[in-house]
Each structure stands twice: as structure tokens, then as C-alpha cells.
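Below: one structure, written as C-alpha cells.
Below, read A as the first sequence line, B as the second, and so on, with proteins coming before strands; counting in each chain starts at 1. The basis for the numbers below is simple: all heavy atoms, side chains too, and nothing from hydrogens, waters or symmetry mates. The shown structure was predicted, so the numbers you read here are calculated from the model rather than taken from an experiment.
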There are 2 protein chains.
Amino acid sequence: MIQQILAAQATLKDNGFRLTKIRKLILEVFFSNTTVPISATELKSQLFALDTKVNKTTVYRELEFLSAQGIIVEVNAGDGKKRYELNCYCHHHHVLCLRCSAVECVTIDNCTLEEQLNSVDLKNFKITGHALNFFGLCAQCR
Amino acid sequence: MIQQILAAQATLKDNGFRLTKIRKLILEVFFSNTTVPISATELKSQLFALDTKVNKTTVYRELEFLSAQGIIVEVNAGDGKKRYELNCYCHHHHVLCLRCSAVECVTIDNCTLEEQLNSVDLKNFKITGHALNFFGLCAQCR
DNA sequence: TGACAAATGCAACCGTGTTGCAATATCATA
DNA sequence: TATGATATTGCAACACGGTTGCATTTGTCA
């Protein structure tokens, strides 16, 4: 983990961007939590818990920035707000708790979704991606 | 179609609800368009196009009402806003245009998603449903 | 027709997200 | 180490989808 976060920091510097205190903290949050996509509001809270008060504009801009750099990816979990997770370059899906809005990643072994698409009438859309979200109650709320 | 809309109206009356001008128009909009989920804003526009100016609060409340009555269902199309479509009692998915936000329904023949779930680690969630959304460019925007 | 409850409109509000602009902090270079 | 260019940040104001409380209107049934 530690070498990965250093690699990400080096990449940013190499591309002419700065390693501010806030940016480093945000990287730490994402790299220390690799299984749960978080929203802007949640990130703001986590930074506050780390004794760092950050303006919401900065949070939104930083999420967009890290996303553009390919370090994190935007995730649609079906709860109407943008969420982000560390870019793991692996295909997976998400499960959302309808009561507390907790989100986790799930992996479907031998997922045949892509193949099934070949036989589907996609209304002449040019498909660039898909999102599969499961809904229900998490371990705490069930 | 005409007998279905009359049946829906009868059901509402039987349950003690009123058939107002607005409610009847909204039913017409949904029953005359059975393949595209629409948002509150879009419904408001369609009503306006039918020479009926409706307050947005009424639109939101009516959508929630018809949803609670099981006449329409809430649909998550992945664009961050609630959409609704006629309740067709059949399992299907949706495709969203990333440029113009158009949404259409798609059906996967012999969808094995449900069966695949048996072998998936769902993090101890109790699953009640799922949403599969495809993203891309529609016929007009591609 | 009248009365009661359902439905509506209005205004004000909330949460998420965005934009313009001024102030600040980072970092390469001198 | 000091400095200057500019990347980053904060602030205020806004946009948009959605909700709530309350007063008014409307549909229905006796």
C-alpha cells in the first residue's frame, strides 16, 4: 500500500501537479480504504475526522481531479450521488443498503454479462459501459 | 390501452382516491408511452405541452402516489434522478445516453443474472433487487 | 347543495453539485 | 533562502432535484 501511494504521488508530481496537504490526505483516505466507494460528503467528513477542515468546493474539485488522473474512478451505486473508489482496473459491481446507504463492492466470478449483450436489442445505442447495482439491507440493518 | 387506463382509474376510485384532471392527464402520459421512463421534470414539461400548468410539488407527490399504488414504478437509470415508468410487471433493464440523457428499456432474453447471484459474496447483504444500466450514445447522438 | 377529505399551489427549505473570483500555498529556479 | 509563476483553496452565490408545512381549492358522496 505504502509504495502504491508513493507511486501515485510521484505520478502527480511528474505531471506538474502539487502535493498539497489536502491532496495527500485524500490519497491516504482512498488507499487505506480500497473496498468501499465514498461520496464527496463522506470524504469531507473523513477529512474533518483527521483534523482537516476542507471546503466542499475543494472536495468536489479534488475528486474530479483525481478521477481525471485515473487514480480514482467515479462509481454509480444507484443512490443518486456520485461516489468514487480507488481505480483497481478490475471489473466489479456494487451493493447498496436501502436503509443506511452503505455501499460495498462485489465481484461476480465468471461474469457472462458482456457475452449476453451480443444478443440484446440495445435500441441502436453505442454502448460504452454498464453498471450493475444490487439493493438490499446490509449486515447491520437487515 | 384504453381499457387498461380505465381499469387503473377504477382501482383508484375503489380505494377512495379522486380522479382529478391532473391525475387523469398523468395516467394518459404514462399509458401512451410505455417504453421510456420519465423524470418529474419531463412529466411537468409534458403536462405543460398538454396545456396544463402543474406545480412541481404536485408532480412529485403524484409520482410518489401512483408509485405507492403500484401503477408506476421507480426506475434507477443511472443519471442521478428518479425516473418512473408504467408498472409492466416484467423484468427488464435500461440504457442511458450520456449526451442527451435519453433513457430506453432493454430486455435480456434468458437473463441469468439472478442465478449467477447464488455464487456471489454479497457481503452478508439481504438482497431485494438489482438494477442493470447500460451507458452510451443513443441513435441520434452517436 | 353542502360538508368533509383529498388534492393542489405556494413559499421556503434541504442536499448535492457547480462557477467566478480573490486569496493563498507550493515548488522550481535563481 | 528568497522569489515569482501558477496550482490550489476558500468563499459566496448559484443551479437543480427534491421535500415540507400550511392555506386554499376541488372532487365526491350523502
Side-chain angles (χ1 to χ4, degrees), chain A residues 8-27 37-48 50-69 71-72 74-84 96 98 100-101 103, chain B residues 8-27 37-48 50-69 71-72 74-84 96 98 100-101 103:
Chain A
Q9 289 186 6
T11 303
L12 292 182
K13 285 208 88 170
D14 289 349
N15 288 313
F17 302 108
R18 294 175 184 171
L19 285 179
T20 62
K21 177 185 156 210
I22 291 175
R23 182 163 290 162
K24 280 190 274 191
L25 263 185
I26 291 179
L27 286 176
I38 61 175
S39 66
T41 308
E42 286 163 359
L43 176 56
K44 193 169 183 290
S45 301
Q46 293 202 27
L47 293 172
F48 191 78
L50 295 171
D51 295 320
T52 306
K53 190 167 157 296
V54 184
N55 189 278
K56 69 170 179 173
T57 307
T58 303
V59 173
Y60 283 108
R61 282 200 274 235
E62 200 62 23
L63 286 171
E64 194 188 343
F65 169 79
L66 292 176
S67 182
Q69 298 304 311
I71 294 175
I72 61 178
E74 193 180 318
V75 158
N76 168 265
D79 63 344
K81 37 186 152 171
K82 290 184 184 175
R83 290 178 171 273
Y84 296 85
L96 170 75
L98 294 172
C100 75
S101 292
V103 178
Chain B
Q9 290 186 6
T11 303
L12 292 182
K13 285 208 87 170
D14 289 349
N15 288 313
F17 301 110
R18 295 175 185 170
L19 285 180
T20 61
K21 177 184 156 210
I22 291 175
R23 182 163 291 164
K24 280 190 273 192
L25 264 184
I26 291 178
L27 286 177
I38 62 174
S39 65
T41 308
E42 287 162 359
L43 176 56
K44 193 167 181 294
S45 301
Q46 295 203 26
L47 293 172
F48 191 77
L50 295 171
D51 294 320
T52 306
K53 191 167 158 294
V54 184
N55 190 277
K56 68 171 180 172
T57 306
T58 303
V59 172
Y60 283 108
R61 282 200 274 234
E62 201 62 23
L63 286 171
E64 195 188 343
F65 169 79
L66 292 176
S67 182
Q69 297 305 310
I71 295 175
I72 59 177
E74 193 181 319
V75 157
N76 168 265
D79 64 345
K81 37 184 152 170
K82 291 183 182 176
R83 291 175 171 275
Y84 296 84
L96 171 76
L98 294 172
C100 74
S101 294
V103 178

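Rounded to whole Å, atom P of dA7(C) lies 10 Å from atom CG of L66(B). Taking atom OH of residue Y84(B) and atom P of nucleotide dG18(D), one finds them 7 Å apart after rounding to whole Å. The distance from atom CD1 of I26(A) to atom P of dA7(D) is 18 Å, rounded to the nearest whole Å. One interatomic measurement links the two molecules: CZ of F17(B) to C1' of dC29(D), which rounds to 16 Å at whole-angstrom precision. D79(B) has its CG atom 15 Å from the C1' atom of dT16(C), to the nearest Å. A straight line from CD1 of I22(A) to C1' of dT26(C) spans 12 Å, rounded to a whole angstrom. One atom, CG of N15(B), and another, P of dA5(C), lie 18 Å apart when rounded to the nearest Å. Rounding to whole angstrom units, CD of residue E62(A) and C1' of dA25(C) are separated by 14 Å.
Side-chain nitrogen and oxygen atoms of K81(B) include none within less than 4.0 Å of the OP1 or OP2 phosphate oxygen of dA15(D). OP1 or OP2 of dT26(C) has not a single side-chain nitrogen or oxygen of T20(A) nearer than 4.0 Å. The phosphate of dT19(D) has neither OP1 nor OP2 within less than 4.0 Å of any side-chain N or O from Y60(B). Between dA7(C) and T58(B), no contact under 4.0 Å exists linking OP1 or OP2 to a side-chain N or O. In this model, the phosphate group of dT9(D) is not approached by any side-chain N or O of N55(A) to a distance below 4.0 Å at OP1 or OP2. Taking 4.0 angstrom as the limit, K13(B) places a side-chain polar atom (N or O) nearer than this to OP1 or OP2 of dT28(D).
Atom CG of L25(B) is separated from atom CG of L43(B) by 9.5 Å, given to the nearest 0.5 angstrom.
Counting non-hydrogen atoms under 4.0 angstrom, S39(A) reaches nothing in the nucleic acid. Residue T57(B) is classed as a base contact, given a heavy-atom separation below 4.0 Å to a base. Note on K44(B): nothing from the nucleic acid sits closer than 4.0 angstrom, heavy atoms only.
Proximity of L12(A) to R23(A): side-chain heavy atoms (C-beta onward) are separated by under 4.5 Å at one or more points. By the 4.5 Å heavy-atom criterion applied to side chains, T11(A) and I71(A) are not counted as neighbours.
Atom CD of Q9(A) is surrounded by more than 12 heavy atoms from other residues, nucleotides or ligands within 6.0 Å.
Mapping V59(A) and G80(B) onto DNA chain D by nearest heavy atom places V59(A) at the nucleotide closer to the 5' end. Remark on DNA chain C: of its neighbouring residues V54(B) and R18(B), the 5'-side contact belongs to R18(B), judged by nearest-heavy-atom nucleotide.
Side-chain atoms of R61(A) and base atoms of dG10(D) include a donor and an acceptor less than 3.5 Å apart. With hydrogens and angles ignored, a donor-acceptor pair closer than 3.5 Å exists between the side chain of K56(B) and the base of dG18(D).
Put simply, the side chain of T41(B) never gets that close to the backbone of S39(B): no donor and acceptor are under 3.5 Å apart. The closest donor-acceptor contact from the side chain of N55(A) to the backbone of T57(A) lies under 3.5 Å.
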